[in-house]
Amino acid sequence: MREVAIIGVGQTKFGELWDQNLRDIFAEAALKAMEDAKIDKIDSIYVGAMSGGLYNHQEHLASLMADYIGQSGAAGARVEAACSSGGQAARIGYMEVASGLSDFVLVGGVEKMWDTDDSTFVLATAADQEYEAYNGVTFPGLYAMMAQVYMQRYGLTREELAAVPIKNHKHGKNNPYAQYPFEIDLKAVLNSAPVADPLRLLDCSPITDGAAAIILAPLEIARKFTDKPVKIRGIGAATGPIALHDHKDLAKIDSVRISAEKAYKFANVSPSDIDFAEVHDCFSIAEIIVAEELGFFDYGTAGKAIAEGQATYGGKLVINPSGGLKSKGHPVGATGVAQLIEATLQLQGRAGKRQIENARLGLTQNMGGSGGSSVVHILEAI
Amino acid sequence: MANSQRYTREIPHRFRFEGQKFRDGYVTLANRYISPESGSKEFESINISKKGKILSYTIIRTPANDYKLLSPYAVAIIETSDGARLTAMVTDSKFEDIKIGADVELVFRKIKEEGHSGIINYGYKAVIIL
């Protein structure tokens with residue numbers, strides 16, 4: 001297998017993009033990434049998107065997007081694994097370059113969620129339609145049920161849970177692409193609208209339009225295109241039960257642990273080697289459980305550790321320097337790619353006010369559903 | 001609106017709790033071909049117990065459009081006395097009586113209507129046993 005590098009990145013502003021359609025935002029991100037990589041031709045394109053069909057009544061996204069970025073003729077397909085679609089698309093792109101089948105692969109992610117009025121329904125299609133969503137459970141509802149078990153078992157308080165979105169907004173205020181680049185305080189979280197007890201609106205990642213794209217190439221030629229290629233040192237992916245009720249332990253997410261174990265083994269590193277991580281904080285409780293499954297904190301301790309400042313600048317490691325899904329926004333299919341972009345910018349020293357000093361090794365973790373899929377990438381500055 | 005076959009084919013599970021018990025002891029309400037526990041493909045058809053306990057719950061206050069008129073409503077993850085796991089709304093009960101570990105009984109209830117001319121969907125909900 002060949003080693004693979006990220007040689008270019010591009011993304012749109014995340015938010016409510018009323019004046020741009022689905023292809024506009026994808027093309028903006030993809031063309032920026034190609035410009036950043038200084039290439040004008042790609043061999044292949046993978047589009048991570050959860051539900052162009054339900055959000056925009058548009059499928060066949062690889063054809064549409066290749067056409068509108070002037071790359072008709074390139075191979076391509078859409079990759080779907082709910083909220084982890086973007087990260088999974090990157091894994092497919094990695095394999096294609098590593099195998100030698102292609103030299104230049106564009107991995108993009110896109111979702112235009114504001115084109116529908118029932119996003120709660122669309123997101124719930126990532127759950128078991130016949131046995132979960134049919135009985136009225138929503139996505140926030142699933143994570144709320146994880147939170148109930150976690151909080152009761154480990155004694156995590158409602159105030160400590162709020163520390164996750166407060167931290168991520170503190171990071172996101174320095175991200176020019178973030179949907180909500182401002183700080184929030186404890187009072188704002190505790191007084192925000194109740195969504196699914198104990199979760200409130202400010203525990204939840206928002207509805208977002210946005211696109212993100214990266215260019216993958218063999219590491220051996222990467223320096224022709226950038227002074228600072230970022231190597232994909234390891235990848236791990238795993239599935240888990242689609243229904244939360246089939247998780248043996250409702251306060252754990254096995255797919256995250258398994259995907260992380262595979263990625264650490266692949267990269268030959270351990271959790272303590274990681275300088276920063278972009279993780280899937282779709283809900284406040286998710287970041288806490290994920291941080292434990294990734295091995296950064298022991299079970300039952302991540303919530304309190306985050307509340308004590310262990311996951312921000314000056315702590316054990318920085319989690320979600322971009323602002324995470326909460327502050328940066330969560331255009332579902334684009335999220336996994338946007339995480340890889342933040343990791344790339346950090347490792348290249350291009351993260352501006354968010355820059356983590358001496359960042360050498362970064363991890364991204366992108367999750368689908370209530371843990372039905374998870375994909376982890378470990379990136380290294382070269 | 002779904003074709004009504006999509007609804008009627010689930011009736012044995014939703015109305016009559018027809019499930020499976022695999023040789024390794026794994027019990028499931030949804031049809032499976034293979035046990036996720038041991039890989040066993042040997043099972044007997046059983047009727048799942050309607051008695052169970054709440055493993056977790058939440059009060060949904062921002063539902064999908066189909067369930068808007070029910071809001072706020074409670075949803076719980078339940079383990080039946082024979083070990084099947086399922087998700088159900090909690091009905092005919094006070095919110096303050098819904099707790100992790102609470103005993104429930106599954107009952108037959110209307111779930112939703114598929115629009116003005118669509119079929120009415122039925123299924124199971126849980127009632128707290130005090």
Side-chain angles (χ1 to χ4, degrees), chain A residues 54 116-153 192-201 203-204 207 239-252 254 283 285 370, chain B residues 2 6-7 9-11 13-14 19 26-32 36-37 52 54-80 84-91 95 98-101 106 109 111-112 114 121-126:
Chain A
L54 290 174
T116 177
D117 77 330
D118 198 4
S119 210
T120 303
F121 164 77
V122 179
L123 291 170
T125 64
D128 184 329
Q129 273 300 298
E130 305 296 356
Y131 291 91
E132 289 186 304
Y134 182 83
N135 292 313
V137 73
T138 59
F139 245 88
L142 292 169
Y143 280 89
M145 288 196 280
M146 295 187 204
Q148 298 276 54
V149 174
Y150 187 100
M151 292 169 81
Q152 195 168 116
R153 183 186 301 163
S192 61
V195 173
D197 301 358
L199 301 182
R200 290 176 174 268
L201 186 65
D203 288 296
C204 308
I207 305 293
T239 50
I242 186 156
L244 177 63
H245 58 237
D246 285 324
H247 286 210
K248 272 208 173 73
D249 186 331
L250 298 178
K252 291 184 180 169
D254 290 347
F283 300 96
I285 187 66
S370 55
Chain B
R6 178 174 168 193
Y7 171 71
R9 75 169 76 100
E10 300 297 333
I11 281 177
H13 309 293
R14 287 183 183 149
Y26 181 78
V27 179
T28 174
L29 178 62
N31 265 357
R32 289 181 183 270
E37 301 273 316
I54 289 181
L55 299 183
S56 191
Y57 69 95
T58 183
I59 313 295
I60 304 279
R61 299 176 191 276
T62 308
N65 287 353
D66 275 349
Y67 302 91
K68 226 166 207 169
L69 294 175
L70 292 173
S71 176
Y73 57 88
V75 168
I77 290 177
I78 290 153
E79 187 167 87
T80 63
R85 293 276 196 94
L86 53 88
T87 300
M89 278 193 206
V90 184
T91 190
F95 284 169
I98 304 173
K99 295 183 173 75
I100 292 175
L106 296 166
R109 285 289 188 277
I111 303 291
K112 63 178 177 180
E114 293 187 350
N121 290 184
Y122 295 90
Y124 47 85
K125 291 189 183 182

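In what follows, chains are A, B, ... by sequence order, proteins preceding strands, each numbered from 1.
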- Item | Side chain proximity check, B:His13 to A:Glu130, heavy atoms < 4.5 angstrom | no

- Query: For A:Met145 and B:Val75, what are the C-alpha separation, side-chain angles and deciding distance, and is it a side chain to side chain contact (heavy atoms under 4.5 Å, CB included)?
  - Reply: CA-CA 9 Å; A:Met145 288 196 280; B:Val75 168; 4.1 Å; yes

- For A:Ala147, is it the side chain, the backbone, both, or neither that has a heavy atom closer than 4.5 Å to a heavy atom of chain B? neither

- Check the pair A:His245 / B:Glu79 against side chain to side chain contact (heavy atoms under 4.5 Å, CB included), numbers first and verdict last. CA-CA 9 Å; A:His245 58 237; B:Glu79 187 167 87; over 6 Å; no

- Query: Is it the backbone or the side chain of B:Ala76 that comes under 4.5 Å from a heavy atom of chain A, or both, or neither?
  - Reply: backbone

- Task: Could you tell me whether a side-chain N or O of A:Gln148 sits under 3.5 Å from a main-chain N or O of B:Tyr57, the two making a donor and an acceptor?
- Result: yes

- Query: Under the side chain to side chain contact (heavy atoms under 4.5 Å, CB included) criterion, do B:Lys99 and A:Gln152 qualify, and how do the steps go?
  - Reply: CA-CA 11 Å; B:Lys99 295 183 173 75; A:Gln152 195 168 116; over 6 Å; no

- Which one of B:Arg14, B:Lys112, B:Met89 has the most heavy-atom pairs closer than 4.5 Å to chain A? B:Arg14

- Query: Of the listed residues (A:Asp246, A:Asp197, A:Thr120, A:Leu201), which shares the most heavy-atom pairs with chain B below a 4.5 Å separation?
  - Reply: A:Asp197

- Task: Give a yes or no answer on whether the side chain of B:Arg85 reaches the backbone of A:Ala243 with a donor-acceptor pair at less than 3.5 Å.
- Result: no

- Query: Where on A:Leu244 is there a heavy atom nearer than 4.5 Å to chain B: the side chain, the backbone, both, or neither?
  - Reply: both

- Query: Can you check whether A:Val137's main-chain N or O pairs, donor with acceptor, with B:Tyr67's side chain at less than 3.5 Å?
  - Reply: no

- Task: Determine whether A:Val149 and B:Leu55 make a side-chain contact, defined as any pair of heavy atoms from C-beta on separated by less than 4.5 Å.
- Result: no

- Under 4.5 Å between any side-chain heavy atoms of A:Val195 and B:Arg61, yes or no? no

- Looking only at heavy atoms, what is the nearest atom pair of A:Tyr134 and B:Tyr7, with distance? OH-CE1, 3.3 Å

- Task: Below 4.5 Å from any heavy atom of chain A, which atoms of B:Tyr26 appear? Answer side chain, backbone, both or neither.
- Result: side chain

- Message: Salt bridge or not between A:Lys248 and B:Glu37? Use side-chain N to carboxylate O under 4.0 Å.
- Response: yes

- Query: Which region of B:Tyr73, side chain (C-beta onward) or backbone (N, CA, C, O), has a non-hydrogen atom less than 4.5 Å from a non-hydrogen atom of chain A, or is it both or neither?
  - Reply: side chain

- Over all heavy atoms of both residues, which pair between B:Ser56 and A:Leu250 is shortest? Give the atoms and the distance, please. CB-CD1, 3.9 Å

- Over all atoms of both residues, closest heavy-atom pair of B:Asn65 and A:Asp117: ND2-OD2, 3.8 Å

- Message: I'd like to know if the side chain of A:Tyr131 pairs up with that of B:Glu10 as donor and acceptor (distance under 3.5 Å, no hydrogens or angles considered).
- Response: yes

- Nearest-0.5 Å distance, CG of residue B:Asn121 to CG of residue A:Asn135: 10.5 Å

- Which portion of B:Ile111 sits near chain A, non-hydrogen atoms under 4.5 angstrom: side chain

- Message: With a 4.5 Å cut-off on side-chain heavy atoms, are B:Thr62 and A:Thr138 touching?
- Response: no

- Item | Side chain, backbone, both or neither of B:Ala30 within contact of chain A (heavy atoms, under 4.5 Å) | both

